[in-house]
4 protein chains.
Amino acid sequence: MITGILTPHMVPLDAGGRIAEAELERYVSWLVERGVHGLYPNGSTGEFLRFTADERRRIVEIVCRAAAGRVPVVAGAAEGTAAETIRACEHCHEAGATAVAIVSPFYYKLSQESILAYFREIARHSPIDITLYNIPMLASPMEVATVQRLAEECPRIVGIKDSSGDVAWMARAIAAVRPTRPEFSFLTGWDAALVAMLAIGCNGGTNASSGVVPELTRAIYDAVRGGDLPRANRLQAALTGLFDPMLSGADFPEGFRIAAGLRGFAMGPSRQPASEGQIASRRTLAEDLRARLEELGMDGDRPGQPIGI
Amino acid sequence: MITGILTPHMVPLDAGGRIAEAELERYVSWLVERGVHGLYPNGSTGEFLRFTADERRRIVEIVCRAAAGRVPVVAGAAEGTAAETIRACEHCHEAGATAVAIVSPFYYKLSQESILAYFREIARHSPIDITLYNIPMLASPMEVATVQRLAEECPRIVGIKDSSGDVAWMARAIAAVRPTRPEFSFLTGWDAALVAMLAIGCNGGTNASSGVVPELTRAIYDAVRGGDLPRANRLQAALTGLFDPMLSGADFPEGFRIAAGLRGFAMGPSRQPASEGQIASRRTLAEDLRARLEELGMDGDRPGQPIGI
Amino acid sequence: MITGILTPHMVPLDAGGRIAEAELERYVSWLVERGVHGLYPNGSTGEFLRFTADERRRIVEIVCRAAAGRVPVVAGAAEGTAAETIRACEHCHEAGATAVAIVSPFYYKLSQESILAYFREIARHSPIDITLYNIPMLASPMEVATVQRLAEECPRIVGIKDSSGDVAWMARAIAAVRPTRPEFSFLTGWDAALVAMLAIGCNGGTNASSGVVPELTRAIYDAVRGGDLPRANRLQAALTGLFDPMLSGADFPEGFRIAAGLRGFAMGPSRQPASEGQIASRRTLAEDLRARLEELGMDGDRPGQPIGI
Amino acid sequence: MITGILTPHMVPLDAGGRIAEAELERYVSWLVERGVHGLYPNGSTGEFLRFTADERRRIVEIVCRAAAGRVPVVAGAAEGTAAETIRACEHCHEAGATAVAIVSPFYYKLSQESILAYFREIARHSPIDITLYNIPMLASPMEVATVQRLAEECPRIVGIKDSSGDVAWMARAIAAVRPTRPEFSFLTGWDAALVAMLAIGCNGGTNASSGVVPELTRAIYDAVRGGDLPRANRLQAALTGLFDPMLSGADFPEGFRIAAGLRGFAMGPSRQPASEGQIASRRTLAEDLRARLEELGMDGDRPGQPIGI
């Protein structure tokens, strides 16, 4: 069963815009050492759509090798069609991933019937366990009844990541699925709601912030699990204080890439072009984020440093 | 400081569509006896807009008399303009209410600057404490920065009810306001998120469901306060199981009026006309709700009956 | 049959915030002299919700008297309930209005069935013809099928004003209703789409801008009716060049009130409080609008001046 | 200058789900013979995202060969990044396309600054003219000011297709761009607004329906150009009567594929899996569409048949 904090990590690029393979390995290894429970390559934060299908495969291979069995790898496997996605599932399986994550169909807004048919088809042919990925701001929204039917019909489907931040939706999904699939995993991708989601019964989080401050997301997880809600809420306020400018200070996920750079990783240039105005405002954002990280004792990399909260 | 479950109760009508005064008194007294911490007349659930300004005043008078000092009364006081709203505040004060609740300007979607100016003007002249009411689906959405400024500038403003169900918004508001206004009250009006909202630090809830199953909302409040999240989440699932059909089974708030009828109150006909098809489907809804209430031991009125969860 | 440009005019206020009755008369008389085909008191632009029920009645009386039979008066008659609205219809009838306009139920978002039941109930009891008012940004959206059913069932309902600006919706509504109700009137309330709406078959417009530049909206109407689309489109660009800053330069409808002031009417202070920042930015807006009006030869009042387009 | 009706056509597949090359050639040739002014492969209706990058290239090659210089080909060239998109532009150029169409960045919702930077980068390197593609329901919405800046800065950008159906947006864009770029082409992709869009000055349409009833979209274009708005509106009602069920009768663009099948083309199975319930409801949809086509004299293929309107 998938539990804890899984990091939908970014991909460092070299000066030529190619995957910086060694830096990617160093980065995800650091995440594991700083306490995340798993890795999640090719998520939205990982800009999966800005890589070619071949590059996405290469990213999975590198991350699985770097994880080296220390933590599970849940790899994004969505391609343009069910058939291509099934082929990506096969590749993730061969590369050693623990499971795949497949986003609800995007661009076209599909009906619940089509979403069901899509995931059923993939679940029928995938050699590897599947987690659903619901992100209604960016892809066809999944209703609770759809999640419930997929959970009941498809043993291959073992969990869901939801990035809506809607606790009522999540609570309804848990109530609908857990009685018949107690090992089904519910993960939240909305960092500003992490404490609330864990409090209502989520099994963990797949949070972009954990690619920047893995210590902090891990501490939140531990505080809720340990029953210390007041501490969890204080930590949450610190996390949201970082999450909000990372999210809105630059077009997603550039704020997170900048912040990972502040932890000591050479993230390289974005594949999305930026104007001169944007480049200037990102320098300001970086200064702001650096100050916030310093306050938490998380600027650069300081192993063993306790969180100042 | 306003804490606990405050009920935005409905208004029983007689066969002629007039306020059924005696039944209203009996109903709100029953709510107090069943454990709610306060009463909230003239909220959205109370259909404030479907009464004339005179009727709204009459409702406040009846409820204050029936409360008889046993619990606080937070009375909806919004009228069409700031000037009329100030006059309503004065009346609520004279009638003996503890505070008023004022919804963010509705119909016109106003800017944050206009919302600020509106509440500042009212706070400057009101003789009674004010709680803000944010319900972004129905009225001009309030940003966290607006709430923060009002809390800092206006001592008359002592709390906020938010009905968005957005826990991240609520957590940001608490983090922004509580350091300087520790006694400022945060109340959630989205019943399906009650446990999550209390877990992240809300002071209570103003939940339409508490007008139907006051015992259950009170039990949720007590479970979270007592640190028993697993029990709170089980109770939440039962509450949401009622809330969802009450909310979507008929145009709001008719489902709640039907359900209050099932507890033994003569709610009378709605002021909003209904088609024959709607009347038939409401009968089906009533049967469904009756079965759900029976399962919880909350059909009709059974004092002292423990909640079956 | 209601055709042409009907002005949803504003209401001048005196220094104490009361209706400036003589100025209101002077203003609507001027509109008639400048060519509008009808008057529409108590619309959204007329801030109907910011007046009491008694004031709304007074406004209708003044406007009917000032119109003096020269043009039809279609008076907003929406109140909080069907019963109160019916009483307002009776009053409009007595005051001499030609028809009433009733906005789809607002605040609560009602189903199509409820909207149908609401208008049916009113149509059954109204002594005066009714036009529907669909404004989906502010009130419960009406579907084409709902308009069609009301048109078929209720002879009292004689038209619809739609402020969505959605030409496809309007074309579908016309196609659905006109075969059985050829005299049913379709009016657009979205000024930036006036030419397009007239081109696809609308009978006229109820445009806030016509309360500022009645000459210009009238000229657009005449150009489309006369088959001169190129001229109509040039005039439309000028109108939109005014409409956009009036709409977004201040919270609606303050930009239109400011602009009416520039035509020579003492509109007085808004009933919605404003911050000092807002007051300053409105001064800038007024300068901008004055320049645009000057360019069109429509600053102040210059009778007989041809439009410079 | 790009004018007239350009068809964003679908792609016939064989039983194995591969591109049915000969049928695709036959289909687009038929479109040209039935009067469309251009072809638009790899649009949203053409399901560009459900083909691999290699398949998208193959589609462009086939369509250019089939067009054989008779009509312009505006080929969709969007890939996951600016760099990949530039490579696709180069390929379209080599394959003989007239111009490319590039959708605003999708999945991630980008700021106007990022959209500008993205198109500037592509325009700087593309060897072929570019049309922008704005479809705010599916991709990052483009503001008028962004279109204006791109038109002013980038001579390579020669037009825009907008699928929002928002006539006010289109009129503002035309007013902003045409004075400095009179040859810039404005094309509407919202079939139900075709007459309105042509009436306000659009140069043409890129309408999914033209892949089903090319005669009808062509007749609308000719009627507006010829100044016959009443006839244009009658034809529009017939087109919308087909467009609506094609659009909402099945998940887009399956309804259009079914209807193209009714004109005599073997479209093959969709790449998006369907449930048994969906397959049954599509049979019903096909019957409905067949009846509507018959009424228009457009079932199957009847060369020379006049439109019955």
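Residue numbers start from 1 in every chain, and the chains themselves are labelled A, B, ... in the order their sequence lines are given, proteins ahead of strands.
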Interatomic distance, [X] atom [atom1] to [Y] atom [atom2] [nearest 0.5 angstrom]:
X        : Y        : atom1 : atom2 : answer
D:Thr52  : A:Glu79  : OG1   : CD    : 10.5 Å
D:Glu113 : A:Glu276 : CD    : CD    : 10.5 Å
D:Ile115 : A:Gln272 : CD1   : CD    : 9.0 Å

Handout entry: Residue A:Glu55 excluded, over 12 heavy atoms near CD under 6.0 Å
Key = yes
Exercise for the section: Taking the six-membered ring for Trp and the single ring otherwise, decide whether the centroids of A:Phe106 and D:Tyr108 are under 6.0 Å apart. Expected result: no
Problem - Side-chain heavy atoms of D:Arg120 within contact of A:Ser275, under 4.5 Å - result: yes
Exercise for the section: Could you check if a side-chain atom of A:Gln278 sits within less than 4.5 angstrom of a side-chain atom of D:Ser111, using non-hydrogen atoms only? Expected result: yes
Using heavy-atom distances under 4.5 Å, tell me whether [X] contacts chain D through its side chain, its backbone, both, or neither.
X        : answer
A:Glu121 : side chain
A:Ile122 : neither
A:Leu116 : neither

Completion exercise
Answer key: most heavy-atom pairs under 4.5 Å with chain A among D:Ala82, D:Ala117, D:Gly277, D:Ala274 is D:Ala117
Fill in the blank from the handout: In terms of heavy-atom pairs under 4.5 Å with chain A, the winner among D:Ala250, D:Ser44, D:Ala83 is D:Ser44
Practice task
Begin with the C-alpha distance, continue with both residues' side-chain angles, and end with the deciding distance and a verdict on ring-ring contact (aromatic ring centres under 6.0 Å, His included) for A:Phe48 and D:Tyr107.
Solution key: CA-CA 11 Å; A:Phe48 74 105; D:Tyr107 192 73; 5.3 Å; yes
Handout entry: Which atoms of D:Glu47 approach chain A - backbone, side chain, both or neither, heavy atom under 4.5 Å
Key = both
Fill in the blank from the handout: Residues A:Thr81 and D:Arg50: closest non-hydrogen pair is CG2-O, 3.2 Å
